[in-house]
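Data first, discussion second: the structure below is written as structure tokens.
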Amino acid sequence: MATDPELLSLKVDYKWNPMLPWPFQIRRVKHETEDTFTIELQPLGALEEFAYQPGQFNMLYVYGVGEIPISISGDPANPRVLVHTTRAVGTVTKAMDKMKRGDILGIRGPYGTPWPIDQANGSDVVFVAGGIGLAPLRPALYEVVAHRELYGKVVLLYGTRTPLDVLFRQELENWRARFDLEIYVTVDRAMTGWRGNVGVVTNLIPRAPFDPRNTMAFVCGPEIMMRFTAMELHKRGVDNEHIFVSMERNMKCAIGLCGHCQFGSVFVCKDGPVFRYSEIKEMLVKWEI
Amino acid sequence: MEDLKNILAEHPFFSGLNEEYFALIVGCASNMRIDAGKIIHREGEEANHFYLIRSGKVTLQMMTPNKGPLIIETLTEGDILGWSWLVPPYTWHFDAKALDLTRMIALDGKCLRTKCENDHHLGYELLKRFADIMMKRLESTRLQLMDIYGDRP
Amino acid sequence: MVGIHLKTLIFERSELDHLVETLKRRDYKVIGPLLRGGAIVYDEITNTSSLPIGWTDERSNGKYRLKNRDDAVVFDWTVGPQSWKRFLFPPIQKIFATHKRPKGIDLPNTKKQPVQETVPAKYAFLGVRPCDLHAIAVQDKVFLGGPYRDPVYERKRSGNFIIAVNCRQAGGTCFCASMGTGPKATSGFDIALTEVLEGKRHYFIVEVGTELGGEVLKSLKCLKATDENLAALKEICEKTTQQMGRSLDTTNLKSILYQNSEHPRWESTASRCLTCANCTMVCPTCFCATIEDVTDLSGKQAERMRKWDSCFTLDFSYIHGGSVRASTKARYRQWVTHKLASWVDQFGTLGCVGCGRCITWCPVGIDITEEVRTIRENQS
């Protein structure tokens, strides 16, 4: 087997070496819940803007500590501010949690496939989020809300652990106040005083106001939650081809070269993280794939 | 009564039930209105009804000695509340409270379970429908138990 | 590497030194086989005296030994524990260094001007086996064929001069013939040598693969190959093919492996597998790497290193909460299924070239050809 001469003829533009991070400065760190925070960044140096599509992620580098993938949670209409929301659970996120305004982070990205919002033109849009899974969906929500006239009903079903774990509370309240958005929140457990729903997010699907025959569903959360959500959406009549999920696997390079994020034959970093449910449905039930 | 009959007929819980049984069930049904904050039943009380929620929201809750009442689940429009009337010793295992103004159709379980004993075919039809509800609740409970949003999923 | 110029020449054994000298004169860093630590490894050579003359290797499941043959054959060994990937895709590679300043940190992209990269030495690889030629072509697809090209690989791979050597004998764990990757090189080289020892005469049959190959040969005393030379070449390659004791049937293999992801064989092999990762380290196509960010003790300087990684480690598939492939079974299945099935979906080629290194350096002697045969013959 000879290598295609084409492969060896091109020269890399080292300015865009995909393994080198770009400096970004922290504008604000906001604590959303006990363990979750949102970090707002602005590009420094050579970059002025940072354009991305909803659902994409970046690799975030904390000086000397390490680099991790985090999805973008900001408004894609504002490329001058880069927003990430994450839980402080690992070495890098815990270090990030301690950072302050003015500190520098390294950013590589944006990477991965976006939520195919354009495919939802003219149909109802259902977002189903579980826990921190609301963060990668938020840019898509912003975009849909910004072009509200392009869609039918727009519904967000959001499940999380307890009322204290509800993310973006103010924003959810603003959206709920609109007449053209349907926002339902449920928690796994609550003490009295919580006036919302208690139960798993899949319980919200049978009664949510959308037309299953004309719906695009974007689902993000723990893998188990996404599996059960997709099944419930399908039971309601949504075509598996119209359901999109965002997968998580170990990512080190984010450009399909390090091999870590393989999920069957796909690389989650470059073929995903957003996948059409019908395309990965079989793999989702294989053990340890 | 005609109104009640129509509501029940449209509910998926009763779909496929033959007319004779359906008429019998309609005979055991009555409308109910519970104000927000009112208790529907308490743990340990005799369970003689089940309810079809037409509107509003009901919480199933349990008293914990040091944390106050813990909400197990909320039920809303279209949900069926209660299956303790079906299984001895016919007592409620949780408190049920109307969170909002709630309208329900109450079905007389005491009457129905006697009829089920006498007519096992009716018993099977009802049990099949409750088994489906129980399965869904059990599945939800398992998902909740996994604590998938927690620190160590 | 444009087209294949199958011009066939011969040169005498003594000309091999001139070949090395010519390449050095042309600013190549010549990498060739060396005897080191009881194995044949690849490193920089300055002349042919350091080549493993008269040595051969014995390979079987979990076993590798060198043996002296008491003759002057230069290339009578097959493959050692290393492959050429260590030069194109180094085991440890610095990606960048950064410094802490009183205010902030110096990241490579801080300045508006791109970082100037130094031009590395051009490599000339002497003694590339046909299986390893294919392995290089496989890694070319991995590192250069996707939406993102690996800049390190690209730099190190560009301008290579490749001297392939056809195999005079099959190693005990070789199965290239069944993979269609050997024992004769057909493409991907600048020149390909076949070593011939006939009584006292010691010469090389040379096939020219590229114009550059032909040009380099102009500095050497070459003769046009005769029909007898060509017959000798054919005979050598046929003999090697016949010698090969192992084979791997690739017919319909992708779907067989996908459909047998729960085959009991995975479990039983997992009970032997030590998850030591040897197979992935010696494999000439395995490309997985991890990224490590480190600082010096003062914390003033930080570096990012890329290091070879293996799908056999527990950490490899770690996501928050635990590893996706926690069991040995899952990890062994991942490796084999990747090599022989998902690789095809990802890169349009198999990830195995039949070099047999994974069999030789498996401490418990697990044989990928035997594993595949067992699954193929007992499909669930």
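Chain letters run A, B, ... following the sequence lines, proteins first and then strands; every chain starts at 1. In this text, all values refer to a predicted model and were calculated from it rather than measured experimentally. As a basis for the values below, the full set of heavy atoms in this structure was taken, side chains included, without hydrogen atoms, waters or symmetry mates.
When all heavy atoms of B/E77 and A/R207 are compared, the closest pair comes out as O-CD, 2.7 Å. Summarising the geometry of A/G196 relative to B/L99, their closest heavy-atom pair is O-CD2, 4.4 Å, with the distance given to 0.1 Å. Here the closest heavy-atom approach between residue B/Q144 and residue A/R189 is recorded as O-NH1, 4.3 Å. Closest approach of A/R161 and B/Y149 over heavy atoms only: N-CD1, 3.6 Å.
Both the backbone and the side chain of B/E73 have a heavy atom closer than 4.5 Å to some heavy atom of chain A. Looking at B/I72, only its backbone comes within 4.5 Å of chain A, counting heavy atoms on both sides.
Here the straight-line distance linking atom CD of A/E232 with atom CD of B/E139 works out to 7.0 Å at 0.5 Å rounding. Taking CG of B/L143 as the reference point, atom CZ of A/F228 lies at 5.0 Å (rounded to 0.5 Å).
Residue B/E45 places its CD atom among more than 12 non-hydrogen atoms of other residues, nucleotides or ligands, all under 6.0 Å distant. The number of heavy atoms from other shown groups lying within 6.0 Å of NE2 (B/H41) is above 12. In the displayed structure, A/K235 atom NZ is contacted under 6.0 Å by more than 12 heavy atoms of other residues, nucleotides or ligands. The number of heavy-atom neighbours closer than 6.0 Å to CD of A/E171, taken from other residues, nucleotides and ligands shown, is above 12. Within a 6.0 Å sphere centred on CZ of B/R42, other residues, nucleotides and ligands contribute 12 heavy atoms or fewer. Annotation: A/R213, atom CZ; neighbour count of heavy atoms from other residues, nucleotides and ligands within 6.0 Å does not exceed 12.
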Candidate pair B/I148 and A/E223, rule side-chain contact (heavy atoms from CB on, under 4.5 Å), full reasoning
CA-CA 9 Å; B/I148 51 175; A/E223 206 169 302; over 6 Å; no
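Counting heavy-atom pairs closer than 4.5 Å to chain B, the top-ranked of the candidates A/T192, A/I224, A/V187, A/T162 is A/T192. Chain B forms more heavy-atom pairs under 4.5 Å with one residue of A/I132, A/N197, A/D165 than with any other, namely A/N197.
A donor-acceptor distance shorter than 3.5 angstrom exists from the side chain of B/K57 to the backbone of A/R195, with no hydrogens or angles considered. At least one donor-acceptor pair under 3.5 Å links the side chain of B/T74 to the backbone N or O of A/V198.
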